[in-house]
Amino acid sequence: MSDQSNHRAPFFAVENGSYGTYDPRMPQRKVRIKIEHRIEYPDPLRVAAGERVNVGHEDAEFPGWKWCKASDGREGWVPVELLSNEGAEATVLQDYSARELAVRPGEEVIVEEDRHEWLLVRNALGERGWIPASSMEPL
């Protein structure tokens with residue numbers, strides 16, 4: 001994502017400091033990384049359902065993501081569908097983490113969620129985070 005922060009949104013079980021909704025019964029797909037992705041923001045936004053955030057601008061490069069700031073000062077990109085409204089302040093509708101995942105070419109990951117050109121993935125070590133959809137290729 002462009003400018004201040006490169007964070008995406010998910011729902012998945014709390015693991016490795018990440019929040020969201022991960023349902024092991026849902027079909028998942030394995031993909032191979034073709035382009036390295038590095039973590040741009042080491043201390044990402046993490047919020048629980050019902051928390052309030054200050055809402056900033058929408059990402060110009062990846063529409064559908066809004067720059068948000070939590071009460072603890074952490075900032076990151078949140079998918080618009082996880083925000084209660086379009087105002088300057090919103091309630092987050094479900095647990096969410098903007099954590100990115102560092103990946104290397106040739107690595108295989110499982111896609112758990114797909115939002116606005118970003119994928120929430122899980123690597124072989126069980127770590128979860130967001131990567132750009134353009135970083136991967138289907139197996």
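Residue numbers count from 1 along this sequence.
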Which heavy atom of [X] sits nearest a heavy atom of [Y], and at what distance?
{"X": "A48", "Y": "D95", "answer": "CA-OD1, 3.2 Å"}
{"X": "A70", "Y": "V47", "answer": "CB-CG1, 3.7 Å"}
{"X": "L93", "Y": "A49", "answer": "O-CB, 3.9 Å"}

Could you state the interatomic distance from [atom1] ([X]) to [atom2] ([Y]), rounded to the nearest 0.5 Å?
{"X": "R99", "Y": "L120", "atom1": "CZ", "atom2": "CG", "result": "10.0 Å"}
{"X": "R32", "Y": "S135", "atom1": "CZ", "atom2": "OG", "result": "14.5 Å"}
{"X": "I35", "Y": "I131", "atom1": "CD1", "atom2": "CD1", "result": "10.0 Å"}
{"X": "E100", "Y": "E40", "atom1": "CD", "atom2": "CD", "result": "6.0 Å"}
{"X": "S97", "Y": "L45", "atom1": "OG", "atom2": "CG", "result": "7.5 Å"}
{"X": "D72", "Y": "D43", "atom1": "CG", "atom2": "CG", "result": "7.5 Å"}

**Request:** Find out if a path of hydrophobic residues (ILVMFWY) with successive side-chain heavy-atom gaps under 4.5 Å connects L101 to I110.
**Result:** no
With [X] via salt bridge (charged side-chain N to carboxylate O under 4.0 Å, His left out) - residues at least two apart:
{"X": "R104", "result": "none"}
{"X": "K30", "result": "E108"}
{"X": "E36", "result": "R38"}
{"X": "K69", "result": "none"}

For [X], give me all partners under side chain to side chain donor-acceptor pair (under 3.5 Å), at least two apart in sequence or on another chain.
{"X": "S84", "answer": "none"}
{"X": "E137", "answer": "none"}
{"X": "E51", "answer": "none"}

Side-chain contact, heavy-atom cut-off 4.5 Å: [X] with [Y]?
{"X": "H116", "Y": "E81", "result": "yes"}
{"X": "E61", "Y": "E117", "result": "no"}
{"X": "S71", "Y": "R52", "result": "no"}
{"X": "R29", "Y": "P138", "result": "no"}
{"X": "V78", "Y": "L83", "result": "yes"}

**Prompt:** Regarding E107 and H37, is there a side-chain donor-to-acceptor distance under 3.5 Å anywhere?
**Reply:** no
